[in-house]
Number of protein chains: 2
Amino acid sequence: MEIVQFQQHLSRQLPELTADELAELTAAFTLRNIKKRQFIVQPGFVADHRIYVVQGAFRAYVIDPAGIDHTIQFAIEDWWITDVNSFIYRTPAQMFVVALEDSTVFQLDYATEQRLKQTNHRFETLFRLHAERAAAYHQRRLISALTRTAEERYEEFLAKYPTVFQRLPQYVIASYLGMSKEFLSKIRNHGGPKKLN
Amino acid sequence: MEIVQFQQHLSRQLPELTADELAELTAAFTLRNIKKRQFIVQPGFVADHRIYVVQGAFRAYVIDPAGIDHTIQFAIEDWWITDVNSFIYRTPAQMFVVALEDSTVFQLDYATEQRLKQTNHRFETLFRLHAERAAAYHQRRLISALTRTAEERYEEFLAKYPTVFQRLPQYVIASYLGMSKEFLSKIRNHGGPKKLN
DNA sequence: GTGCGAAGATGAACTAGTTCATCAAATGCG
DNA sequence: CGCATTTGATGAACTAGTTCATCTTCGCAC
């Protein structure tokens, strides 16, 4: 069942968690089904939940003044997603987070998370680890955006997430990689000798 | 003295800290003077310290295959700096972190930080907050890099860090903003009616 | 002081990536 | 099924930003 997958995931994050703690932790989350194209975060509203994806796919994106959307993060099974800025500072979100497929998630609301962290040192540790990894992830992404050409970012993506590529529409990947969808299409077809479909 | 400033900073981060805790925490750090141009992190070596800047300025940067450097982060008084990826995953750093001025810092080594976090729930909370804010910072920076033009990023920087601009050489700011130093120079002189010196 | 390296300004030529427009194929859905 | 919407390919014209090269200015070392 979903809860087993989720507890295994949490156990991998922090092996010290006891069975009781895993049970308490997961009980604090709500299992929820989300339909394709449904939004779980929208600009103007505070992102009140942290989401763990059991099954499905999401993307978080912003729309710039010119109306172009930019994917900040995506998430498939076993990943987490929310608008961090909005969630931690309790300010209105700048992002959209939308389901790309019919999905199943565990969600945790802000107040419950605070309670968990206060009552158990190890829960605090779990969220600290989570935040550190998120910081490292965003920093790696920033480095990639600043130091690599469009084609290099595409190759890097293919190497890192080979399965994700088939699964998401190309315009989502283009907007994640910081290039126009037309250019991604050109890279894929002409670009270099490599032409994995 | 430096330690007062540092304790005030920590108190602002987490007001619940008692005087005893502040004392214990700051005692775990080492006060250190660092000369201009000295490196505190270098590629190939694990970043073993987290640095709080008491006085001075630093920048963290990577060098791409073409030899161009890209500033990932800078830090002046009351900011923190290290190579997060290297520090938390204990892998060789990809970055340089260098002093831009003669500086004074408090540094905390990895093992001591682990001990602090284990022994006191509130210290764990402090580092959790720190990591969350770092994640949010890097995410905002990524959004800016993806959604704004060079000129907009420059204006944003001016608005956000007006004092920093005078203090750092222009090529550092250009590499932080993700543009060539020549282009930053052109923006500053021709760009728009605004021409703050 | 003067000589020299580092920082900034400026222009001309160039290019990586965008925009716009059209066409083709795939997918969903009533 | 069959139509409509979404997704992807491709080419031509364009532009934001780069690269390279030259010149000036400024700080500071001896």
Side-chain angles (χ1 to χ4, degrees), chain A residues 35-38 56-57 59 61 63-71 74 98-102 144-158 164-192 194-197, chain B residues 35-37 57 59 61 63-71 74 98-102 144-158 164-192 194-197:
Chain A
K35 285 269 171 220
K36 184 168 176 173
R37 269 181 268 272
Q38 195 178 324
R59 77 176 182 118
Y61 63 99
I63 297 195
D64 73 19
I68 298 163
D69 71 76
H70 303 267
T71 299
F74 62 86
V98 70
L100 294 169
E101 308 171 356
D102 289 351
S144 176
L146 290 178
T147 67
R148 307 185 128 79
T149 64
E151 190 156 354
E152 288 165 349
R153 294 194 307 271
Y154 165 67
E155 299 290 353
E156 185 183 48
F157 184 93
L158 264 193
V164 175
F165 200 91
Q166 272 86 343
R167 199 158 154 190
L168 305 186
Q170 229 176 83
Y171 70 85
V172 168
I173 291 164
S175 93
Y176 179 81
L177 293 176
M179 66 186 79
S180 67
K181 55 188 165 40
E182 293 91 338
F183 198 64
L184 176 57
S185 172
K186 283 166 200 177
I187 283 172
R188 295 197 62 217
N189 297 306
H190 299 283
K194 202 169 283 178
K195 198 191 203 171
L196 305 183
N197 232 0
Chain B
K35 285 270 169 219
K36 183 169 176 171
R37 270 180 268 275
R59 76 175 183 120
Y61 63 99
I63 298 196
D64 72 18
I68 298 162
D69 72 76
H70 304 269
T71 299
F74 61 86
V98 69
L100 295 168
E101 308 172 355
D102 290 351
S144 176
L146 290 178
T147 66
R148 308 185 127 80
T149 64
E151 191 156 355
E152 287 166 350
R153 295 194 306 272
Y154 165 68
E155 299 291 352
E156 185 183 48
F157 184 94
L158 263 194
V164 175
F165 200 91
Q166 273 85 342
R167 198 157 153 191
L168 305 186
Q170 228 176 85
Y171 69 86
V172 168
I173 292 164
S175 92
Y176 180 80
L177 294 176
M179 67 186 79
S180 66
K181 56 188 164 43
E182 292 93 337
F183 198 64
L184 176 57
S185 172
K186 282 165 199 177
I187 284 172
R188 295 198 63 217
N189 297 307
H190 299 283
K194 201 169 283 176
K195 199 189 200 170
L196 305 182
N197 232 2

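A note on names: the letters A, B, ... follow the listed sequences, proteins ahead of strands, and every chain is numbered from 1. Quick caveat, the model's predicted, so the values are computed rather than measured.
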*Taking A:Ser175 for its side chain and A:Thr71 for its backbone only, find out whether a donor-acceptor pair lies under 3.5 Å.*
yes
- So, the side chain of B:Asp102 versus the backbone of B:Lys36: is there a donor-acceptor pair under 3.5 Å, distance only?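 Yes; judged by distance alone, with no hydrogens or angles, the pair exists.
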Candidate nucleotides [options], ranked by approach to the side chain of [X] - the nearest:
X	options	value
B:Thr149	D:dT19, D:dG17, C:dT19	D:dG17
A:Asn189	D:dA9, D:dT7, C:dG8	D:dA9
B:Pro169	C:dC29, C:dG8, D:dG11	C:dG8
A:Phe183	D:dG17, C:dT18, D:dT18	C:dT18
A:Ala150	C:dG17, D:dG8, C:dA9	C:dG17

Could you give the [atom1]-to-[atom2] distance, from [X] to [N], as a whole number of Å?
X	N	atom1	atom2	answer
A:Leu184	C:dT18	CG	C1'	14 Å
B:Lys36	D:dG27	NZ	C1'	10 Å
A:Glu101	D:dT7	CD	P	13 Å
A:Glu182	C:dA24	CD	P	18 Å
A:Arg37	D:dT6	CZ	P	7 Å
B:Arg167	C:dA7	CZ	C1'	18 Å
A:Asp64	C:dT18	CG	P	12 Å
A:Lys186	D:dG11	NZ	P	9 Å

Answer yes or no: is there a side-chain heavy-atom contact under 4.5 Å between [X] and [Y]?
X	Y	answer
A:Phe157	A:Val164	yes
B:Val98	B:Tyr61	yes
A:Leu168	A:Arg59	no

_Can you tell me which residue among B:Arg167, B:Arg37, B:Lys35 is in a side chain to side chain donor-acceptor pair (under 3.5 Å) with B:Glu101?_
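With B:Glu101 as partner, B:Arg167, B:Arg37, B:Lys35 yield a single side chain to side chain donor-acceptor pair (under 3.5 Å), made by B:Arg167.
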Sorted by chain and residue number, the salt bridge (charged side-chain N to carboxylate O under 4.0 Å, His left out) partners of B:Asp64 (sequence neighbours excluded) come out as none
In residues 170-181 of chain A, which residues come under 4.0 Å of DNA chain C by heavy atom?
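A:Met179, A:Ser180, in order of number.
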